[in-house]
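Written below as structure tokens is the structure these notes are about.
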Amino acid sequence: MNDLLHVGSALYNHIKNNGTIDCYYRKAKQSASVPYCLVYFMTANDDYTFNDKSLNADYVVKVISDKNFPEEAIRLYGDIHEIVQDSSLSIPGYNVIRLRRESILEYEDQFHFWNIGGLYNLDVTQQ
């Protein structure tokens with residue numbers, strides 16, 4: 001099974017289908033209008049226990065805004081966080097143990113866009 005494809009797609013689709021702004025995986029299309037949400041994979045650890053296989057993966061979920069101040073991005077990210085935190089994703093072939101934020105990020109990039117979001121840990125076992 002392709003863990004990265006199945007698990008990442010489930011998280012991305014959950015946000016895309018339930019969020020209030022456009023959402024993209026890894027990077028936005030060039031014609032994307034702000035604000036928008038990005039979801040991307042950071043790192044993962046496999047865990048093997050006898051015949052069981054688990055995956056503990058970290059994903060960044062963030063909102064990008066071009067306003068002078070970060071309030072818009074903070075508000076929109078708060079809405080996304082409510083959708084993601086502790087959600088019960090449906091991932092064929094996997095049991096979701098938990099989906100929980102580990103840390104929050106906020107920065108203004110070199111193009112003066114605000115990046116507000118969090119690092120989420122998704123813990124699954126293979127069925």
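Heads up: numbering here begins at 1 and tracks the sequence.
The heavy-atom pair separating Ile116 from Pro70 by the smallest distance is CD1-CB, 4.2 Å. The shortest heavy-atom contact between Ile21 and Cys37 is CD1-N, 3.8 Å. Annotation for Ile15 and Cys23: closest pair CG2-SG, 3.7 Å, computed over non-hydrogen atoms. For Gly19 against Ile83, the heavy-atom pair with the smallest separation is CA-CD1, 3.5 Å.
In this structure, Gln110 places its CD atom where more than 12 heavy-atom neighbours from other residues, nucleotides or ligands lie under 6.0 Å away.
Evaluation of the side chain to side chain contact (heavy atoms under 4.5 Å, CB included) rule for Ala44 yields Phe41, Leu55, Ala57 as partners, not counting sequence neighbours. Here Ile104 pairs with Arg101 under the side chain to side chain contact (heavy atoms under 4.5 Å, CB included) rule; sequence neighbours left out. Every side chain to side chain contact (heavy atoms under 4.5 Å, CB included) that Glu102 has, sequence neighbours left out, goes to Asp58, Leu119, Asn121. With sequence neighbours excluded, the residues forming a side chain to side chain donor-acceptor pair (under 3.5 Å) with Glu108 are His112, listed by chain and number. In this view, Asn68 satisfies the side chain to side chain contact (heavy atoms under 4.5 Å, CB included) rule with no residue, not counting sequence neighbours. Here Arg98 pairs with Asp123 under the salt bridge (Lys or Arg N to Asp or Glu O under 4.0 Å) rule; sequence neighbours left out. Shown here are the side chain to side chain donor-acceptor pair (under 3.5 Å) partners of Gln127, two or more places apart in sequence or in another chain: Asn95. By the ring-ring contact (aromatic ring centres under 6.0 Å, His included) test, Tyr24 is found to be paired with Tyr36, residues two or more places apart in sequence or in another chain being considered.
The OG atom of Ser87 sits 11.0 Å away from atom CD of Glu82, with the distance rounded to the nearest 0.5 Å. A distance of 10.0 Å separates CG in Asp109 from CH2 in Trp114, rounded to the nearest 0.5 Å. Summarising the geometry, atom OG belonging to Ser9 is positioned 11.5 Å from atom CG belonging to Leu89; distances are rounded to the nearest 0.5 Å.
No side-chain heavy atom of Leu11 sits less than 4.5 Å from a side-chain heavy atom of Ile91.
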Next on the checklist: Please evaluate residues Leu76 and Ser65 with respect to the criterion side chain to side chain contact (heavy atoms under 4.5 Å, CB included), reporting the C-alpha separation (whole Å), side-chain torsions for both, the decisive distance (0.1 Å), and the verdict.
Outcome noted: CA-CA 9 Å; Leu76 292 169; Ser65 170; 6.0 Å; no
Item to check | Stepwise side chain to side chain contact (heavy atoms under 4.5 Å, CB included) check, Ser88 with Val96 | outcome: CA-CA 7 Å; Ser88 54; Val96 176; over 6 Å; no
Next on the checklist: As a quick check of understanding, evaluate side chain to side chain contact (heavy atoms under 4.5 Å, CB included) for Lys62 and Tyr77, giving each step before the final call.
Outcome noted: CA-CA 7 Å; Lys62 66 181 181 177; Tyr77 168 66; 5.9 Å; no
Checklist entry - Do Lys53 and Tyr94 pass the side chain to side chain contact (heavy atoms under 4.5 Å, CB included) test, and can you show the C-alpha distance, the side-chain angles, and the key distance before you say yes or no? => result CA-CA 10 Å; Lys53 181 182 175 207; Tyr94 297 86; 5.9 Å; no
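Sorted by first and then second residue, the salt bridge (Lys or Arg N to Asp or Glu O under 4.0 Å) pairs with a member in residues 85-94 read Asp86-Arg100; sequence neighbours excluded. Screening residues 68-77 for salt bridge (Lys or Arg N to Asp or Glu O under 4.0 Å), with sequence neighbours left out, gives no hits. Applying the salt bridge (Lys or Arg N to Asp or Glu O under 4.0 Å) test to pairs two or more places apart or on separate chains, none has a residue in residues 35-52. Evaluation of the side-chain hydrogen bond (donor to acceptor under 3.5 Å, both in side chains) test over residues 11-23, restricted to residues two or more places apart or in two chains, returns His14-Asn18.
Each of Tyr25 and Ile64 belongs to its own hydrophobic cluster when Ile, Leu, Val, Met, Phe, Trp and Tyr are linked at side-chain heavy-atom distances under 4.5 angstrom.
At distances below 3.5 Å, not a single donor-acceptor pair connects side-chain atoms of Tyr59 with backbone N or O atoms of Leu122.
Checked against Val60 for a side chain to side chain contact (heavy atoms under 4.5 Å, CB included), the options Val39, Leu38, Asn115, Leu105 give a single hit: Leu105.
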